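Report on the structure given below.
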Amino acid sequence: MNAPHDGPRLDRRRLLGLAGLTGLAATLPACGRGFGGGGGDDGKIELNMVWWGDAQRAELTAKALDLFQKANPGIKVSTEYQDSSPYKDKLAARFAAGNPPDLMAMRFDSLREYADRGTLLDLSQHAGLDQSALTDSARALGQVGARSFGVPSGLNTIGYIVDKTLTDKYGVSIPDGDTWGWDDLAAFAKQVTKASGGKVYGTNFEPWTVANLLVFARQRGEDFFTPDGRLGATEATVTAWYQLVADLRKAGGIPPAGFIDQNNGASPAQSYLAKKAIASQIIPTNGLLGFNQACGGNLQLLRIPGETRGPRRGQSVDTPALWSIAAGSKHPAETVKLLNFLINDTEAAKAAGVTRGVPANRTIAEAIGSGLEPDNRRSTEFLNKLQNEKLPASYPYPVGASKLTNILKTISTEAEFGRMSPTEAGNQFITEARKAIAP
Amino acid sequence: MSLTLTRVSTPPDAPQQAPSGRKRRPRYLRHVLLTGVGVIMMYPLLWMVSASVKPSNSVFTDEGLWPAVFDFGNYARGWTALAEPFEIYLVNSLVIVTLSIIGNLLSCSLAAYAFARLRFTGRRLFFAMMLGTMMLPGHVLVVPQYVMFDKIGWLNTYYPLLVPHFLATNGFYIFLMVQFMRSLPQELDDAARIDGCGPFRTFWKVIMPLCVPAFATTAIFTFISVWNEFFSPLLYLTDPQLYTVPLAVRQFMDSEGQSMWGEMFAMSFVSLAPVIGFFIAGQKYLVRGIATTGLR
Amino acid sequence: MTEVLPRVRRRKRQDWAGYVFLLPWFGGLIFMIVPFVASLYLAFTDYDLLTPPRWAGLANFREMLGDATLHQSLKVTFVYTLVSVPLSLAVALGVAMVLDRGVRGLAIYRSVYYLPSLLGGSVAIVMLWRYLFGYDGIVNDLLATIGITGPAWTTDPDYALSTLILLHVWTFGAPMVIFLAGLRQIPAMYYEAAQMDGASKWRQFRSITLPLLSPIIFFNLVQALIASFQTFTQSYVISNGSGGPAGSTLFYNLYLYQKGFAEFDMGYASSMAWLLLMIIAGFTAINFLAARYWVFYDN
């Protein structure tokens with residue numbers, strides 16, 4: 001036989017050569033990074049701090065950390081940040097493997113998942129952390145019983161934004177944002193849809209978002225989640241919520257079934273408001289700057305409807321993220337020091353800006369207001385004003401609350417397409433939600 | 001028995017003679033169809049290119065492919081906006097991809113040859129195990145793997161990303177090569193044996209050269225999957241200096257808040273270029289395979 | 001005697017050679033077995049990621065029997081697999097045959113058709129999907145011109161899964177490349193001989209292409225089934241991880257992920273994973289048994 005030598009061997013040799021060359025060329029500039037080299041010990045205590053956000057937020061945070069490291073030359077802070085959804089996966093994996101970060105951004109709705117399982121440091125035991133400049137309701141955001149597992153990295157609330165360019169264009173006047181009720185919203189939304197000839201729908205307030213329903217429940221005198229971590233909302237309230245939505249849809253104030261995609265993405269640039277498909281929606285107030293940029297710069301910020309009509313207020317002071325410390329941190333004292341710096345140092349707060357909301361420290365919140373961009377100043381004032389009023393407090397969501405997100409989404413879809421009546425939807429939600437957060 | 005290998009006289013891409021007596025459809029019709037389908041295939045890429053030169057705020061609102069406002073600054077800003085300049089991430093990814101391809105080609109072809117052409121005790125069992133390793137959803141392996149690599153001390157290094165490729169842990173490529181090797185005539189091995197070749201020489205001199213299309217396929221798929229891999233690097237790398245391209249690109253966005261969309265799509269497009277280039281280069285070897293396997 | 005010799009020697013076992021060739025794989029097996037065994041153990045525990053696992057016996061598996069969401073996700077996954085696997089393989093094979101020979105600009109078409117697979121889970125794909133199938137997307141615009149009011153493809157639970165199937169078929173690039181590579185392995189002389197005999201194209205396809213390509217078709221089939229049962233990324237990207245609208249795209253693997261990472265129930269997720277492994281193994285075994293009747297190897 002003649003072994004197949006002529007052509008193929010050339011191929012193989014060339015292939016190998018090529019692979020070897022590119023391998024060599026690629027490895028050289030890397031200089032052994034990633035292969036276990038380096039990492040010299042400079043005698044400093046190294047803290048690991050992680051959070052979610054984009055590169056802009058990272059740049060601001062890095063400035064605040066520089067200030068800390070200058071003031072504390074013995075401490076080095078290594079940081080990591082990601083998009084929020086991969087962030088929480090990696091955080092869970094690191095805790096599971098017993099390798100948690102020292103300081104981390106914690107979702108408000110997952111705080112108790114971590115805290116109740118003993119993985120977070122009880123901050124009330126550490127004198128190094130001064131929470132005295134925080135209001136009670138701000139402190140309550142990180143508290144489980146008498147213990148404290150998180151400090152708000154900033155404060156926000158939800159607000160109703162209206163695109164004034166659109167309402168001016170169609171000659172619809174915007175109701176008074178401090179006193180309007182849900183019926184005013186309905187009338188306003190219907191008017192916009194009608195005046196625009198159906199080109200723009202009046203509003204969409206995301207009935208599938210837990211935080212929105214939560215405010216509605218409070219206005220009816222119910223705690224959606226009770227302080228001891230149970231479901232406080234009643235079937236009647238959830239039914240009323242879906243009835244409100246169904247009526248609005250029937251009247252044309254919100255888009256027809258199927259128009260809005262629940263999973264469209266939460267960023268301002270992707271919103272239906274930015275696409276001028278709707279004229280108003282609910283946002284977290286720390287997003288005002290982004291939304292106003294994406295929507296053409298003429299947004300009005302209103303309170304949630306119904307604040308003055310029900311037995312009590314619905315809005316509360318909330319937080320986009322808490323700072324928490326791992327119970328397993330090897331340097332708890334230094335980490336507490338860093339956290340205290342981030343919360344109470346005016347320069348650090350100025351450097352970090354308000355991407356995570358208004359500083360929780362009231363003195364700082366008042367102080368930085370004037371130096372902000374107009375939109376950030378507006379949302380800061382909006383929140384500061386609310387903080388001066390008597391509002392119900394927000395409590396950390398109970399364990400199991402994360403399941404409610406999908407339950408509420410599913411039921412909202414069924415109701416949207418008329419496959420469930422508001423009564424059925426209310427009943428179904430309460431049944432499933434009780435099961436989900438049963439102790 | 002005799003075996004000769006010659007180049008096929010007609011290039012494989014040459015149009016074949018139409019059977020006589022049958023009317024040929026006009027050739028342009030086929031091109032119209034192929035191009036039409038191609039436009040749908042191309043759309044996401046075109047969209048991405050277009051998004052990469054739009055201001056971040058109008059990426060989603062300016063729906064046309066031709067931007068109303070151009071912002072070429074996305075490229076310059078995106079290149080430098082992260083902790084490291086973007087070329088660092090490109091080099092990191094290239095290092096990982098290159099080594100992964102070498103590892104996959106070597107280790108998987110060895111294993112595939114054993115499964116496809118050798119007889120040994122436990123062959124069926126091992127083959128079933130190899131297939132079995134492809135069947136467990138990766139999410140439940142994340143934590144145990146993380147713990148394992150932590151114990152070995154490989155966190156924040158490239159080893160967890162690379163070593164598995166040198167140890168044939170991806171059943172997909174083994175199975176792929178097995179199927180290609182099994183379709184080669186058994187006479188090849190027999191002839192080689194008569195010529196006095198042991199299994200190693202047979203593998204190296206006879207089988208390897210005939211599997212160039214399978215290797216090209218493996219190289220292409222490895223390039224793409226490793227280049228796009230997000231979760232493993234996310235998990236194992238902590239130092240931004242070591243980040244790969246997908247980790248870097250994802251740092252432009254926060255799905256629940258503000259994102260630098262324009263910069264993100266600009267860098268997404270930059271990171272696509274090597275993949276497309278490699279595909280175009282690699283698919284040539286799909287053609288060359290046949291030219292060397294004109295078996296008579 | 002020389003004719004018989006190879007056959008006899010072929011039967012001879014080559015244990016040591018086999019093991020030497022498998023050495024890297026044996027090494028890798030250690031890396032794989034450790035997490036595998038760990039996850040198997042976790043399947044019988046109550047494990048919330050944050051506190052040590054507690055032995056729970058068969059509790060997770062018993063819970064799975066009554067878990068309506070799990071049953072829904074199984075249904076979604078089966079429907080998706082049974083429809084999309086044959087459909088996408090047929091398209092991939094068809095396009096590969098067209099692109100195999102006889103078209104000018106082949107390399108360009110091949111690369112273009114592979115593009116969707118390159119982009120993977122990119123936002124650009126999501127954008128295309130909304131653009132095509134959104135409430136007032138192109139598909140509905142086209143339907144409107146012939147007087148049909150199209151449904152809300154991506155947001156209506158009755159239609160969302162069908163758009164994901166289409167999305168999958170659309171990314172036929174990977175099996176197409178494998179088919180192309182396989183077609184390249186078929187010696188051209190067979191076709192030359194068949195042409196001389198005046199065999200029709202269809203006849204050539206039936207008698208040459210199909211049998212000689214059968215190992216590769218088999219590979220793609222097995223591979224597509226395994227991958228399809230584990231579908232995750234598409235739904236994760238399009239539905240933002242929710243499996244919506246109303247659970248209509250809640251693939252088994254997506255539900256498993258939600259259980260493990262969002263609801264901190266990794267014990268349950270591990271049991272789900274092992275159930276899926278058994279389901280996939282069952283289908284793969286059937287595939288291998290059936291292969292005896294239609295897959296043609298040259299030995």
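Residue numbers begin at 1 in each chain, while the letters A, B, ... track the order of the sequences. Owing to the predicted nature of the structure, the values given are computational and were not obtained by experimental measurement.
- The CD1 atom of I280(B) sits 4.5 Å away from the OG atom of S111(C) when rounded to the nearest 0.5 Å.
- Between P215(C) and S183(B) the shortest heavy-atom distance is CG-CB, 4.0 Å.
- Annotation for I108(C): atom CD1 does not count as buried by contact number, only 12 or fewer foreign heavy atoms lying within 6.0 Å.
- Between the Q230(C) side chain and the M134(B) main chain, a donor and an acceptor come within less than 3.5 Å of each other.
- Under the ring pair (Phe, Tyr, Trp, His ring centres under 6.0 Å) test applied with F21(C), the options F126(B), F203(B), F120(B) reduce to a single match, F203(B).
- Side-chain contact between Q283(B) and V177(C): absent, with no pair of heavy atoms (C-beta onward) separated by less than 4.5 Å.
- For the atom pair CZ (R184(C)) and OG1 (T217(B)), the distance works out to 11.5 Å, reported to the nearest 0.5 Å.
- Looking only at distances, no side-chain donor or acceptor of Q179(B) sits under 3.5 Å from a matching main-chain atom of I216(C).
- I224(B) places a side-chain heavy atom less than 4.5 Å from the side chain of Y114(C).
- When heavy atoms are compared at a cutoff of 4.5 Å, M130(B) approaches chain C by way of both its backbone and its side chain.
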Could you walk me through whether M135(B) and L276(C) pass the side-chain contact (heavy atoms from CB on, under 4.5 Å) check? CA-CA 8 Å; M135(B) 297 175 188; L276(C) 186 66; over 6 Å; no
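- For the side chain to side chain contact (heavy atoms under 4.5 Å, CB included) with L277(C), the lone residue among V140(B), T133(B), L136(B) that qualifies is L136(B).
- Residues P116(C) and M41(B) form a side-chain contact, since some pair of their non-hydrogen atoms from C-beta on lies under 4.5 Å apart.
- With a 4.5 Å cut-off on non-hydrogen atoms, I226(C) touches chain B through its side chain but not through its backbone.
- Y131(C) OH to W47(B) CH2: the interatomic distance, rounded to the nearest 0.5 Å, is 11.5 Å.
- Ranked by heavy-atom pairs under 4.5 Å with chain B, the first of L180(C), N240(C), V222(C) is V222(C).
- When each of L213(C), I30(C), V112(C), L132(C) is checked for heavy-atom pairs under 4.5 Å with chain B, V112(C) comes out on top.
- Contact of V249(B) with chain C is not made at all, since no heavy-atom distance falls under 4.5 Å.
- Rounding to the nearest 0.5 angstrom, the gap separating the OG atom in S117(C) from the CZ atom in F279(B) is 8.5 Å.
- Summarising the local packing, CZ of F288(C) is surrounded by more than 12 heavy atoms from other residues, nucleotides or ligands at distances under 6.0 Å.
- Using a distance-only test at 3.5 Å, with no hydrogens or angles considered, a donor-acceptor pair links the side chain of Y19(C) to the main chain of T121(B).
- Minimum interatomic distance between W170(C) and P44(B) (heavy atoms only, all atoms of both residues): CH2-CG, 3.4 Å.
- A donor-acceptor pair is defined here as one N or O able to donate and one able to accept, closer than 3.5 Å; no such pair exists between the side chain of N253(C) and the backbone of P137(B).
- Per-residue counts of heavy-atom pairs under 4.5 Å with chain B were compared for F218(C), F36(C), F26(C); the largest is that of F36(C).
- Put simply, the side chain of V95(C) does not reach to within 4.5 Å of the side chain of V37(B), judged on heavy atoms.
- Rounding to the nearest 0.5 angstrom, the gap separating the CD1 atom in I33(C) from the CE atom in M148(B) is 11.0 Å.
- Contacts between I178(C) and chain B at a heavy-atom distance below 4.5 Å involve backbone atoms as well as side-chain atoms.
- Aromatic ring orientation, H139(B) versus Y257(C): tilted (interplanar angle from 30° to 60°).
- With respect to chain B, the highest number of heavy-atom pairs below 4.5 Å among F232(C), F261(C), Y252(C) belongs to F232(C).
- Neither the backbone nor the side chain of Y41(C) comes within contact range of chain B, judged by heavy atoms closer than 4.5 Å.
- Proximity to chain B is limited to the side chain of V20(C), based on heavy atoms less than 4.5 angstrom apart.
- At a 4.5 Å heavy-atom cutoff, the contact between F175(B) and chain C is made by backbone and side-chain atoms alike.
- L176(B) touches chain C through backbone and side chain together, each having a heavy atom under 4.5 Å away.
- Heavy atoms of S270(C) lying under 4.5 Å from chain B belong to its backbone as well as its side chain.
- No other option in G27(C), A17(C), A269(C), A181(C) has as many heavy-atom pairs under 4.5 Å with chain B as A181(C).
- Contact annotation: the side chain of W25(C) never approaches that of T169(B) to less than 4.5 Å [non-hydrogen atoms, C-beta and beyond].
- Distance check, rounded to the nearest 0.5 Å: OG of S107(B) to CG of L22(C) gives 11.0 Å.
- Of the two parts of Y113(B), only the side chain, counted from C-beta on, holds a non-hydrogen atom closer than 4.5 Å to a non-hydrogen atom of chain C.
- The minimum heavy-atom distance between L119(C) and L45(B), with the atom names listed, is CD1-N, 4.0 Å.
- With a 4.5 angstrom heavy-atom cutoff, A174(C) touches chain B via backbone and side-chain atoms both.
- Annotation: maximal heavy-atom pairing with chain C below 4.5 Å, among F60(B), W227(B), F200(B), occurs at F200(B).
- For Y297(C) (side chain) and L184(B) (main-chain N/O), no donor-acceptor pair under 3.5 Å exists by modelled atom type.
- Only the side chain of I152(B) has a heavy atom closer than 4.5 Å to any heavy atom of chain C.
- The side-chain heavy atoms of L34(B) and Y113(C), taken from C-beta on, include a pair separated by under 4.5 Å.
- Interface remark: W129(C) contributes no atoms to any contact with chain B (heavy atom separation under 4.5 Å).
- With a 4.5 angstrom heavy-atom cutoff, L49(C) touches chain B only via side-chain atoms.
- No part of F230(B) comes within reach of chain C, as not one of its non-hydrogen atoms sits under 4.5 angstrom from that chain.
- Between F180(B) and F219(C), the closest side-chain pair of non-hydrogen atoms is not below 4.5 Å.
- Contact check for T35(B) versus Y109(C): side-chain heavy atoms found under the 4.5 Å cut-off.
- The contact between V142(B) and chain C is made entirely by side chain atoms (from C-beta outward), counting heavy-atom distances below 4.5 Å.
- When heavy atoms are compared at a cutoff of 4.5 Å, F283(C) does not approach chain B at all.
- Taking every heavy atom of both residues into account, T284(C) and L131(B) meet most closely at CG2-CD1, 4.4 Å.
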